[in-house]
Amino acid sequence: EEVEGGLTRLAAIFHSRGSDPVGPIRSVRTTDVHLFANLNRPLFVSSGGNAGTRAELLDSTLVDAGPTDYPANFYREDRTPPHNYFSRTSVIWSTAAGKGGRPPALFSFRAADAPRPVVAIDASGVDITFGATRLSYVWNGKGWARTQNNRSHVDAAGVQVAPTNVIVQFTQYGRSPADENSPEAIVNGSGEAWIFTAGYLVRGTWTRKSDAAVTSYIDERGNPITVLPGITWVELPRPGGASLR
């Protein structure tokens with residue numbers, strides 16, 4: 001998601017698998033409150049936020065599992081601040097057990113041996129621009145290898161991030177009511193969507209009727225767009241903020 005100054009933040013959802021450790025954990029934005037309201041009372045963790053954003057968070061259906069109520073769950077690693085604030089999903093889940101709900105399915109899945117959709121086209125990758133942040137995904141035969149600002153995006157083990165699926169959800173931005181300098185993604189409504197999976201692209205439309213609704217992805221023939229089971233990244237650039245490779 002886009003934040004101030006054309007920079008970006010990653011918002012991670014851990015469902016069937018966790019991460020010990022997880023981080024760096026950064027501050028909440030009002031986009032997050034709307035983005036995750038459809039997960040049925042999800043446990044939500046951030047390092048804090050301004051008064052307006054915190055008030056919106058506490059008034060939402062998200063369950064605040066951050067350092068205000070659970071300070072012992074967080075620690076600092078030997079890294080340059082503020083990129084050194086970490087926790088563990090196992091600890092977050094255990095200390096806030098029973099407070100969250102079971103989330104709905106966010107995507108429509110297909111079997112690995114299912115026939116390729118007739119509306120799919122070959123795609124080697126995509127370039128995406130968020131103001132000062134430029135990133136790309138390139139198909140490597142198994143996933144979509146991610147690069148940000150001309151550097152390979154690697155995990156803690158030095159392995160390049162390459163999710164199974166990438167959804168480019170072209171999104172309008174307004175101004176956050178908590179900070180006029182902070183953009184807020186308008187995640188309800190509809191717009192163009194590019195879905196990258198299994199080495200091909202399906203163009204379609206995303207639609208979300210309310211904060212509580214799951215986003216649907218429909219192809220040009222009116223059929224749900226399916227993806228392979230696995231890690232899925234959703235990018236929220238502004239309209240026109242992406243181009244095919």
Side-chain angles (χ1 to χ4, degrees), residues 1 8-19 31-32 34-40 42 89 102-128 130 135-148 153 155 159-171 185 187-239 241-245:
E1 64 189 64
T8 58
R9 288 282 172 86
L10 303 178
I13 299 173
F14 295 95
H15 177 213
S16 54
R17 289 189 292 175
S19 180
T31 289
D32 304 325
H34 303 285
L35 194 62
F36 297 137
N38 58 8
L39 293 177
N40 187 22
T89 54
R102 182 187 297 273
L106 295 183
F107 309 109
S108 297
F109 295 103
R110 68 176 184 84
D113 58 354
R116 170 173 161 160
V118 296
V119 295
I121 61 174
D122 291 333
S124 61
V126 61
D127 297 313
I128 306 172
F130 289 89
L135 56 93
S136 65
Y137 292 90
V138 176
W139 177 245
N140 65 11
K142 295 183 178 180
W144 301 92
R146 193 177 198 272
T147 301
Q148 183 158 320
H153 183 169
D155 63 17
V159 178
Q160 187 172 15
V161 171
T164 305
N165 312 297
V166 176
I167 297 176
V168 181
Q169 182 173 318
F170 294 97
T171 306
V187 294
N188 297 331
S190 62
E192 186 179 6
W194 296 353
I195 287 75
F196 295 85
T197 184
Y200 59 76
L201 161 66
V202 177
R203 296 177 185 263
T205 301
W206 68 267
T207 301
R208 187 183 185 195
K209 295 180 179 180
S210 68
D211 276 6
V214 172
T215 302
S216 63
Y217 301 96
I218 305 298
D219 69 22
E220 60 189 26
R221 297 189 176 188
N223 299 311
I225 300 174
T226 58
V227 297
L228 292 174
I231 295 173
T232 300
W233 283 50
V234 181
E235 298 283 352
L236 302 177
R238 297 174 186 261
S243 59
L244 296 179
R245 283 183 161 246

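Just so it is clear, the values below take in all heavy atoms, side chains as well, and ignore hydrogens, waters and symmetry mates. A quick note: this is a predicted structure, and the numbers were derived from the prediction, not measured. Along the sequence shown, the residues carry numbers beginning at 1.
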Hey, does [Y] have a side-chain heavy atom less than 4.5 Å from the side chain of [X]?
X	Y	answer
Ile218	Thr207	no
Leu236	Val234	yes
Phe109	Val227	yes
Arg146	Glu235	yes
Val126	Trp144	no
His15	Leu39	no
Arg203	Val119	no
Val161	Gln148	no

[X] side chain to [Y] main-chain N or O, any donor-acceptor pair under 3.5 Å?
X	Y	value
Asn165	Leu228	yes
Asp127	Ser136	no
Asp219	Ile225	no
Thr89	Ser19	yes

Checking Leu244 against Trp194 for the side chain to side chain contact (heavy atoms under 4.5 Å, CB included) test, could you report, in this order, the C-alpha distance in whole Å, the side-chain angles of both residues, the deciding distance, and whether it holds? CA-CA 10 Å; Leu244 296 179; Trp194 296 353; 3.8 Å; yes
Would the Trp139 and Tyr200 ring centres measure less than 6.0 Å apart?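 No - the distance between ring centres of Trp139 and Tyr200 does not fall below the 6.0 Å cut-off.
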